[in-house]
Asks: 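Quick one: the structure is below, questions incoming.
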Amino acid sequence: MDPRLSVLEKRLSGVRRIIAFASAKGGVGKSICSTVSALLLSRDHRVGLLDLDLQGASDHLILGKNPSLPEEDGGIIPPALFPNLSFMGVSLFSGNEPVPLRGQDTTNAIVELLSVTIWKKLDFLVIDMPPGIGEEVLDLIRFIERLEYIVINTPSPLSESVVDRLIKILKLSDARILGIMENMAGMDGSERNGSKMLAERNGIDFIGKVHFIPGLDGMVGNVDTLLESAFANELKIITERIKAADL
Amino acid sequence: MHELALADAVIDAVEKNLGGRDPSSVKRVLVMLGELQNIDLEIFEHGLKTLLEGKAIDYRVFSIEIEEAAFLCNNCGESWKLSEQSEIDEEEREAIHFLPEMAHVYMSCPNCGSRDFTLESGRGVSIAEIEFDMIPK
Ligand SMILES: Nc1ncnc2c1ncn2[C@@H]1O[C@H](COP(=O)(O)OP(=O)(O)OP(=O)(O)O)[C@@H](O)[C@H]1O
Ligand SMILES: [Mg+2]
Ligand SMILES: [Zn+2]
């Protein structure tokens with residue numbers, strides 16, 4: 001018997017809302033949207049950021065932090081990387097080394113992280129999901145029923161199709177979808193409304209879009225610049241909607 | 001010490017698996033500690049004792065055994081034990097203590113060097129058995 005499973009809810013009991021940025025499609029901006037959203041939310045809320053992309057951990061790079069082993073105190077304490085923003089992710093243990101994991105290892109690592117991390121009282125726990133519909137998505141569906149999903153799509157028919165499949169899985173498992181957001185809007189030179197239609201087709205909310213911002217990559221690692229960018233400005237409308245969706 | 005979080009999980013799991021019996025009827029709980037995670041036995045036991053204070057489950061019902069860690073390479077088929085693994089430094093050990101899957105970051109197959117291996121046993125904390133007194137409820 002795996003004793004860790006029995007404490008997962010208890011470990012998250014001090015967290016008011018848990019928001020996952022997911023997509024199934026790779027490279028659509030899950031990491032940068034979740035990380036900058038966590039920063040924006042931390043301006044007036046207590047926020048935790050969980051990088052659940054074990055194989056492609058990136059949030060520490062966006063935050064410009066060199067990961068180091070966390071402290072222990074009755075569990076593992078997520079380091080407060082910024083005022084009101086504590087962080088947990090595999091990068092704290094592996095730095096920028098490759099983390100080659102097969103299925104059961106991934107589930108084990110997720111369960112371990114969730115069962116030994118001692119989050120302080122949080123208003124929001126923001127989760128950055130990896131691409132795909134693998135262990136991370138399936139395990140979160142299994143373990144955290146009250147999780148709220150933001151599904152990210154880009155203006156691309158390929159993205160739309162793959163994202164549509166994630167939505168199917170989420171709906172099949174009665175997961176709460178806060179809404180679809182579009183990232184990199186206008187990147188193909190046109191203002192498609194594919195994300196809006198995708199939302200309508202699935203009967204879920206469209207919660208806004210963020211345009212493709214040239215030069216965004218150059219701001220990665222510099223939190224002050226990121227927060228002053230047009231990217232953060234547009235994303236803020238979405239984080240305000242996340243706050244307002246509070247039930 | 002994060003041993004406490006694991007001890008807490010073990011107690012929680014026992015309490016959730018009483019199947020309607022009285023907590024005082026728990027006669028024996030066999031806890032396996034995987035060698036790989038390198039849990040401090042004394043701190044873990046102390047954690048159990050502290051967390052069980054004021055509860056109907058006696059800490060003396062807990063038996064703890066260490067489970068040997070065994071690996072199997074997915075690349076070349078080699079199997080090996082933790083004791084046969086080449087030395088790793090203190091910080092790497094600590095990372096594996098926190099998160100045993102970090103073995104795939106800091107350890108490799110002694111035969112072919114691959115990090116693609118399966119941990120066959122001895123990962124972390126598990127409950128092998130819970131025994132109850134047969135007295136009627
Ligand atoms: N709105 C945007 N404007 C410009 N560049 C962007 C925008 N959103 C994301 N990017 C860039 O796109 C790339 C992918 O972003 P990111 O790593 O956040 O995606 P992801 O969905 O997390 O990827 P993965 O699936 O690998 O986890 C990054 O280089 C990022 O800076
Ligand atoms: Mg990512
Ligand atoms: Zn090998």
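So that the names make sense, note that chain A is the first sequence line, chain B the second, and so on, each numbered from 1.
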Asks: Which residues, numbered in order, of residues 91-126 of chain A come under 4.5 angstrom of chain B by heavy-atom distance?
Replies: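 Checking residues 91-126 of chain A against chain B gives A:Phe93, A:Ser94, A:Glu97, A:Pro98, A:Val99, A:Pro100, A:Leu101, A:Arg102, A:Asp105, A:Asn108, A:Ala109, A:Glu112, A:Leu113, A:Ser115, A:Val116.
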Asks: Would you give the length of the straight line joining atom NE2 of B:His97 to atom CE of B:Met102, rounded to the nearest 0.5 angstrom?
Replies: 14.0 Å
Asks: Does this structure show an ion pair linking B:Lys81 with B:Glu35, if we count only N-O contacts that are shorter than 4.0 Å?
Replies: no
Asks: Nearest heavy-atom pair of B:Phe117 and B:Met107: which atoms, and what distance?
Replies: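 What the structure gives for the nearest pair is CE2-O, 3.5 Å.
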Asks: Can you classify the ring geometry of B:His2 versus B:Phe98 as parallel (below 30°), tilted (30 to 60°) or perpendicular (above 60°)?
Replies: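 Ring orientation of B:His2 relative to B:Phe98: tilted.
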Asks: Just how far is it from atom CZ of A:Arg11 to atom CG of A:Leu8, taken to the nearest 0.5 Å?
Replies: 8.5 Å
Asks: What residue, out of B:Asp8, B:Asn17, B:Ile130, has the most heavy-atom pairs lying under 4.5 Å from chain A?
Replies: B:Asp8
Asks: What option among B:Asn74, B:Val14, B:Thr118, B:Ile96 has the most heavy-atom pairs under 4.5 Å with chain A?
Replies: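 Counting heavy-atom pairs under 4.5 Å, the top option is B:Asn74.
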Asks: If you tally heavy-atom pairs under 4.5 Å against chain A, which of B:Leu4, B:Leu99, B:Ile43 wins?
Replies: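 Between B:Leu4, B:Leu99, B:Ile43, the count favours B:Leu99.
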Asks: Below 4.0 angstrom, N of the basic side chain to O of the carboxylate: do B:Glu101 and B:Arg123 qualify?
Replies: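 B:Arg123 and B:Glu101: salt-bridged.
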Asks: Might you point out which heavy atoms bring B:Leu119 and B:Ala69 nearest each other, and give the distance in Å?
Replies: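 Closest approach of B:Leu119 to B:Ala69: CD1-CB, 4.5 Å.
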Asks: So, A:Asn153 and A:Ser159: side-chain donor and acceptor under 3.5 Å apart, yes or no?
Replies: yes
Asks: Relative to chain A, which segment of B:Glu129 carries a heavy atom at a distance below 4.5 Å: side chain, backbone, both, or neither?
Replies: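 For B:Glu129, there is no contact with chain A at all, as no heavy atom is under 4.5 Å.
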Asks: Could you give me the CA-CA distance, side-chain angles and deciding distance for A:Ile167 and A:Tyr149, then say whether side-chain contact (heavy atoms from CB on, under 4.5 Å) is met?
Replies: CA-CA 10 Å; A:Ile167 294 171; A:Tyr149 294 84; over 6 Å; no
Asks: Side chains of B:Val125 and B:Ile39: closer than 4.5 Å at any heavy-atom pair?
Replies: yes
Asks: Spell out the residues in residues 45-77 of chain A that have some non-hydrogen atom less than 4.5 Å away from a non-hydrogen atom of chain B, in order of number; otherwise answer 'none'.
Replies: A:Leu69, A:Pro70, A:Glu72, A:Asp73, A:Gly74, A:Gly75, A:Ile76
Asks: Against chain A, label B:Asp116 side chain, backbone, both or neither, depending on which of its atoms sit under 4.5 Å from a heavy atom there.
Replies: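 When you check distances to chain A, only side chain atoms of B:Asp116 fall under 4.5 Å.
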Asks: Between A:Ser6 and B:Ala13, is there a donor-acceptor pair closer than 3.5 Å when you use the side chain of the first and the backbone of the second?
Replies: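 Yes: the side chain of A:Ser6 pairs with the backbone of B:Ala13.
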Asks: Salt bridge check: are B:Asp89 and B:Arg93 linked by an N-O gap of less than 4.0 Å?
Replies: no
